[in-house]
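Only this structure's heavy atoms are used, side chains among them; waters, hydrogens and symmetry mates stay out.
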Amino acid sequence: MSAAIDAAARIGWYLKRARRTLPGEHAWRISDAAARRRWERRAPNVHVAVRPDRPPFAPLGAVEIPSAAEAALAATAAEIRGGRWTVLGWDRSDLARPDWDADGAPRGLTDLDGSPPAASSVKHVWELSRGHHLTVLAAASRFDRDGDKESAERAAELTRQWWEAYPAPAGMMWSSGVELALRLMSWVWTRRLLDDWPPVRALFDDNDLAHRHLWLHQDALARFPSRFSSANNHRLAEAAGLLCASAAFDWFPESDGWRTAALATLCEEINAQVAPSGATREQATGYHAFVLDLSIVALAEAATAGLVVPAGVIDRLAAGADALALIVGTSPSGPRFGDADDSTVARLDGGEPHTVRRALALAAATLGPAVGWPEVEPDVRSATFGAFSAGALARRDDAEPRPRTDRETLAASIGPAVLDAHGAAHRARAWVRTGPLGYLPIAAHAHADLGAVAFELDDVPLLVDPGTSVYDHQPERRRHERSTAAHNTVSIGGDDQAPWFGSFLWGGEAEARVAGYVAEPVGDRPAQVTTRIEWPAHGCVHERTVSLDEHRLVIEDRLDAMPGASKEPRPIGVCLTIGTGWSIADRLRTLDDGTQVATMRHDDLRVQFHLSNALAWGLVDAVGNAGVGWVATGFGRLEPSMALIGASTLPVGCSTRMVVSWEGSR
């Protein structure tokens, strides 16, 4: 019976997926699947030709590594050599001889309904095979003052183990182009960082197994790119990986053709996926950082190999870096709007990934920061790529300073809207999710979070996005983390802002249009943004105005009926997810006018919530509750917190008002 249910569910998903495809996509998918099967059957017998006149591998010159980053790198490398490493929040203890097909899931893992995962976490399985442990080991070997040959030997052994485990290009490890691309980029930098270690030539340059894997990975990327509604960051990653590998490993007769085509595709995708304002169209802060990482690493390789990178593409990429710097500011990570799975490339640092701030450090070292950037801390990777690119991606000294993206342009194009109010006592920053739902018809990495508010006080997150902790193996939690009700916005009738079709598939369009915006307080007028979100299924428009000054944050919501729609009351819900580390100083109490008040504390900071008396409010603790109140501080990492939940059935035209005020020292 369960098999029949599973089959019906799969058929239903495919029918929904078909409704969100682009013209010509069905025919392409059928043709592509058939071509892949033919290629997989033929690939084991393909003769891989290596150029007899192949050029030497481009070396890495002298690099000055920050001492703190060097110590963290050495500690992480020691952990990996000891057979342990944390992979996307899950501890692996099998790195002495990894089970590459295992996800390393902790004991007792359950979905929201209490059931165990129905399958392995494919994301965790793939992550280990991306080879980040190899580049960390290779970097530790390269930058160790006493010459860490043990890390070099371990990197070589783990590389050989993976190559031997997957001799034929079939199965899970070959099913996703982005995984092939990231493995290639890790191998490029493992080879480069071990250049001073003589055995590396036997591992890569003179090894038939290495040649075979390098060729097959690149040939697959060249033949089977993501296209149509799947051409999001995956297509950009595929081009970046192919460009990086074909420029670095210029060893095959096909290398020149691969390199030329990959550079053209990467430039095209940078211009398509990064808006002129610098915002990335996927509406996901984590993927904004990932696109920067991929593009910088690949274009640095191309420029070093002598390829001409169009100035306009570098300018667009720099705009993306400037936009991320503007969004994040001094925040530890900025808002976690949309999916965030901690994806990165060429990981050379120890400790936690901190992908957003590390992406800014990489951009600052290679593209150069614009005027007004926040201070970013250099790390091993940024220092390495700064030395490797040698200014090839930066503007000339005699060129005009690049214009920095301003907050008005950012909010009006894709978003988010950023509000700042920095007073003598406190520094307050709010982000409001504006713009379209996501990128391409399926909006794969977007959440239904239009109008959502994130807020930090003195760089301490107070109102936070629930984040992303899972993709595939806990479907109920995945659905919850993408839902409108889980975000700091208004939901109507318990529905999402667009129809839910699947874990990476929205069934319709939605948009938060900016109706007014002031980025900073002017005189007595606060920083403010107003957005309007249409709910056609409920015949109404949600208007939200968020105001910020140095003393308080105000969120006002109003529902209006669309022309011709019923004026009957609508059931609404409001969620305010609180960041980790806050405690309750005074639980919900009701004032004489019906307003409910809650007080919270974080060290010396004390904030008070004045909640609309039009809604019935409750404070939900994560403990004892599987969904609301949990915060994903990283992929695979859930931490308990709490949320204020308001609900009521409100007449059309009714407004609600919530005020957050604060006191205490920085």
Worked check of side chain to side chain donor-acceptor pair (under 3.5 Å) between Glu179 and Ser129: CA-CA 8 Å; Glu179 303 305 320; Ser129 289; over 6 Å; no
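- Remark: Arg145 engages Glu70 in a side chain to side chain contact (heavy atoms under 4.5 Å, CB included) (not counting sequence neighbours).
- No side-chain heavy atom of Ser382 sits under 4.5 Å from any side-chain heavy atom of Arg358.
- Residue Arg92 holds its CZ atom at 11.0 Å from OG1 of Thr86, rounded to the nearest 0.5 Å.
- Donor-acceptor pairing under 3.5 Å is lacking for the side chains of Arg29 and Thr21.
- Listed for the Arg142 side chain is no donor-acceptor partner under 3.5 Å among the backbone atoms of Trp197.
- The aromatic rings of Phe388 and Phe385 lie perpendicular to each other, with more than 60° between the two planes, well past the 30° mark.
- Looking at Thr135, its side chain never comes within 3.5 Å of a backbone N or O of Leu348 through a donor-acceptor pair.
- Of the inter-residue distances, the one linking Leu367 atom CG with Ile296 atom CD1 reads 4.5 Å to the nearest 0.5 angstrom.
- In this structure Glu164 satisfies the side chain to side chain contact (heavy atoms under 4.5 Å, CB included) test together with Arg160, Leu209, sequence neighbours excluded.
- Inter-residue side-chain proximity for Leu95 and Glu79 is flagged as unmet; no heavy-atom pair is nearer than 4.5 Å.
- In this structure, Trp215 and Val50 have side chains that are not in contact, with every pair of non-hydrogen atoms separated by 4.5 Å or more.
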Kindly determine whether Asp293 and Arg381 satisfy salt bridge (Lys or Arg N to Asp or Glu O under 4.0 Å), including the steps that lead there. CA-CA 11 Å; Asp293 276 2; Arg381 187 179 68 166; 3.0 Å; yes
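- Between Glu481 and Val470, some side-chain heavy-atom pair lies under the 4.5 Å cut-off.
- Of the charged side-chain nitrogens involved, at least one lies within less than 4.0 Å of a carboxylate oxygen, so that Arg191 and Asp205 count as a salt-bridged pair.
- Look at Arg227 and Asp32 and you find no salt bridge, because none of the NZ, NE, NH1 or NH2 atoms lies under 4.0 Å from a carboxylate O.
- Rounding to the nearest 0.5 Å places CD of Gln273 at 9.5 Å from CG of Leu294.
- A donor-acceptor pair is defined here as one N or O able to donate and one able to accept, closer than 3.5 Å; such a pair exists between the side chain of Thr285 and the backbone of Pro335.
- A salt bridge does not link Asp195 to Arg192: none of the charged side-chain nitrogens sits closer than 4.0 Å to a carboxylate oxygen.
- Between Trp163 and Leu203 the shortest side-chain heavy-atom distance falls below 4.5 Å.
- Cation-pi geometry between Arg235 and Phe228 is not satisfied (NZ or CZ under 6.0 Å from the ring centre, within 45° of the ring normal).
- Other residues, nucleotides and ligands contribute only 12 or fewer heavy atoms inside 6.0 Å of the CZ atom of Arg97.
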Is there a side chain to side chain contact (heavy atoms under 4.5 Å, CB included) between Val297 and Val188? Walk through the geometry before answering. CA-CA 11 Å; Val297 169; Val188 166; over 6 Å; no
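- Here the straight-line distance linking atom CG of Leu505 with atom CZ of Arg20 works out to 7.5 Å at 0.5 Å rounding.
- For Gln218 and Ser246, the side-chain atoms include no donor-acceptor pair closer than 3.5 Å.
- More than 12 heavy atoms of other shown residues, nucleotides or ligands fall within 6.0 angstrom of atom CD in Gln161.
- At least one donor-acceptor pair closer than 3.5 Å links the side chain of Asp342 to the backbone N or O of Phe635.
- The main-chain N or O of Gly177 is never found under 3.5 Å from a side-chain atom of His217 such that the two would form a donor-acceptor pair.
- Applying the ring pair (Phe, Tyr, Trp, His ring centres under 6.0 Å) test to every pair with at least one member in residues 46-90, sequence neighbours left out, gives these pairs: Phe57-Phe249, Trp90-His124, Trp90-His473.
- A side-chain donor-acceptor contact under 3.5 Å links Ser255 to the backbone of Phe252.
- Here the CG atom belonging to Asp219 is positioned 7.5 Å from the CZ atom belonging to Phe224, to the nearest 0.5 angstrom.
- Side-chain contact annotation: Arg81 with Ser151, donor-acceptor N/O pair under 3.5 Å present.
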Could you check Lys123 against Glu127 for salt bridge (Lys or Arg N to Asp or Glu O under 4.0 Å), going step by step and ending with a plain yes or no? CA-CA 6 Å; Lys123 171 67 179 170; Glu127 187 72 14; 3.4 Å; yes
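- For the pair Asp103 and Leu128, the minimum side-chain heavy-atom distance is 4.5 Å or more.
- Distance alone, capped at 3.5 Å, is enough to place a donor-acceptor pair between the Glu282 side chain and the Asn233 backbone.
- Here the shortest heavy-atom pairing between Leu193 and Leu60 reads CD2-CD2, 3.9 Å.
- Put simply, the side chain of Arg347 never gets that close to the backbone of Val136: no donor and acceptor are under 3.5 Å apart.
- Checked for salt-bridge contact, Asp339 and Arg478 meet the test: a charged N lies under 4.0 Å from a carboxylate O.
- Not a single donor-acceptor pair under 3.5 Å links the side chain of Ser31 to the backbone N or O of Ala27.
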For a side chain to side chain contact (heavy atoms under 4.5 Å, CB included) check, start with the C-alpha distance between Trp373 and Asp322, then their side-chain angles and the critical distance, and finish with the verdict. CA-CA 7 Å; Trp373 262 46; Asp322 293 343; 2.9 Å; yes
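- A donor-acceptor pair under 3.5 Å is absent between the side-chain atoms of Trp100 and the main chain of Ala165, judged by distance alone.
- Glu238 and Ser226 share a side-chain donor-acceptor pair at under 3.5 Å.
- No salt bridge links Asp379 with Arg357; every basic N to acidic carboxylate O contact stays at or beyond 4.0 Å.
- Separation of atoms CG (Leu216) and CH2 (Trp174) is listed at 5.0 Å; rounding is to 0.5 Å.
- Inter-residue side-chain proximity for Ile442 and Arg17 is flagged as met; some heavy-atom pair is nearer than 4.5 Å.
- Checked against the 6.0 Å centroid criterion, the rings of Phe204 and Trp189 do not qualify as a close aromatic pair.
- By the 4.5 Å heavy-atom criterion applied to side chains, Pro169 and Arg212 are not counted as neighbours.
- A donor-acceptor pair shorter than 3.5 Å cannot be found between the side chains of Ser141 and Arg154.
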